[in-house]
Amino acid sequence: MDRPTTLITGASRGIGRGISLSLAALGHDLVINYAGNQEAAEQTARDCHRAATEAGHDIQTLTFQANIGSPQDRDRLLEATQDRFGRIDMLINNAGITSIGRQDILEAKEENFDQLMAVNLKGPFFLSQQIAKWMLKLIESGTVNNPKIISISSISAHTVSVNRADYCMAKAALGMMTKLYGVRLAAAGIRVYEICPGIIASDMTAPVKAKYDKLIAEGLTPMPRWGEPSDIGKAVAAIAQDLLPYSTGEVINVDGGFHLRSL
Ligand code: NAP
């Protein structure tokens with residue numbers, strides 16, 4: 001088997017599903033991780049097989065429950081990936097939760113902070129560490145070439161929301177994590193990227209849809225539309241196809257121009 005293997009955390013819904021579909025169309029074998037929503041993960045797998053077939057590929061998928069915030073679950077996820085595919089070409093740190101209760105920074109609770117940081121920051125940091133060590137061995141044995149680690153951060157990495165302090169801080173830290181791993185792994189041939197999505201239609205943003213509909217109509221984003229999970233999938237596909245071969249530790253904004261200041 002010489003097909004590349006990609007592990008996508010939080011691939012049962014939303015952006016993770018969009019990324020999975022893009023990579024299926026490129027012929028990647030996929031590990032579709034999820035937290036609790038098995039049926040949605042199986043739907044992602046079915047959709048991926050269809051997308052792969054339409055593109056002329058025959059892929060394998062593994063749907064796997066694991067809480068990215070738990071060290072034991074990350075170990076299980078790694079072992080399952082090793083047992084099933086024996087290789088890893090890309091890790092996509094996508095799983096994430098929004099700020100629990102969206103409380104003002106002066107009311108934010110420590111237990112909520114810990115829970116969010118475990119999933120949105122500690123999990124990606126240590127999963128990247130485990131996967132990077134495995135990638136180094138795979139490069140040495142000639143099993144994979146130019147593997148990549150991609151983390152899905154957010155415009156919240158650079159945009160203040162005082163009712164989501166923990167979320168903003170975790171996303172900002174993912175940016176530094178990308179630079180750290182980027183430098184540490186560059187010489188070995190592992191490239192590391194951060195993708196910063198803007199306002200993307202998913203279950204996460206569904207509760208605030210009316211608010212963002214209004215803001216987008218009023219000009220919040222230079223491109224006057226919501227982002228779609230497929231927009232993120234296309235950015236990941238560019239990296240997967242080695243179209244950014246001399247970049248690492250880099251942030252790619254997929255936000256309809258939201259990050260641009262204008263007068
Ligand atoms: P979503 O629709 O809420 O989906 C979240 C996904 O993450 C689901 O697959 C969920 O699995 C999984 N997940 C949640 N907690 C997990 C855990 N502890 N372990 C493993 N998987 C877990 O979210 P989304 O909008 O697609 O967001 C995906 C990523 O993009 C997140 O990191 C988010 O912060 C980031 N992002 C989103 C937006 C946006 O506008 N939507 C913008 C910028 C950045 P289950 O289905 O099993 O629950």
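Every heavy atom of this structure was used, including side-chain atoms; hydrogens, water molecules and symmetry mates were not. Start at 1 and go down the list; that is how both ligands and their atoms are numbered.
- Between Asp231 and Arg225, at least one side-chain N (NZ, or NE/NH1/NH2) sits under 4.0 Å from a carboxylate O, which counts as a salt bridge.
- Cluster partners of Met176 are Leu180, counting Ile, Leu, Val, Met, Phe, Trp and Tyr whose side-chain heavy atoms approach within less than 4.5 Å, directly or via other members.
- Between Leu127 and the options Asn93, Asp75, Ile149, a side chain to side chain contact (heavy atoms under 4.5 Å, CB included) holds for only Asn93.
- Not counting sequence neighbours, the partners of Thr178 by the side-chain contact (heavy atoms from CB on, under 4.5 Å) test are Ser151, Val192, Glu194.
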Run the side chain to side chain contact (heavy atoms under 4.5 Å, CB included) check on Ile139 and Lys137 step by step: do they pass?
-> CA-CA 5 Å; Ile139 292 171; Lys137 287 185 189 153; over 6 Å; no

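- Other residues sharing a hydrophobic cluster with Leu116 under the 4.5 Å side-chain heavy-atom criterion for ILVMFWY residues are Ile97, Ile100, Val119, Tyr167, Met204.
- Contact residues for ligand 1 (protein heavy atom closer than 4.0 angstrom to any ligand atom): Gly10, Ala11, Ser12, Arg13, Gly14, Ile15, Asn33, Tyr34, Ala35, Gly36, Asn37, Ala66, Asn67, Ile68, Asn94, Ala95, Gly96, Ile97, Val119, Ile152, Ser153, Ser154, Tyr167, Lys171, Pro197, Gly198, Ile199, Ile200, Ser202, Asp203, Met204, Thr205.
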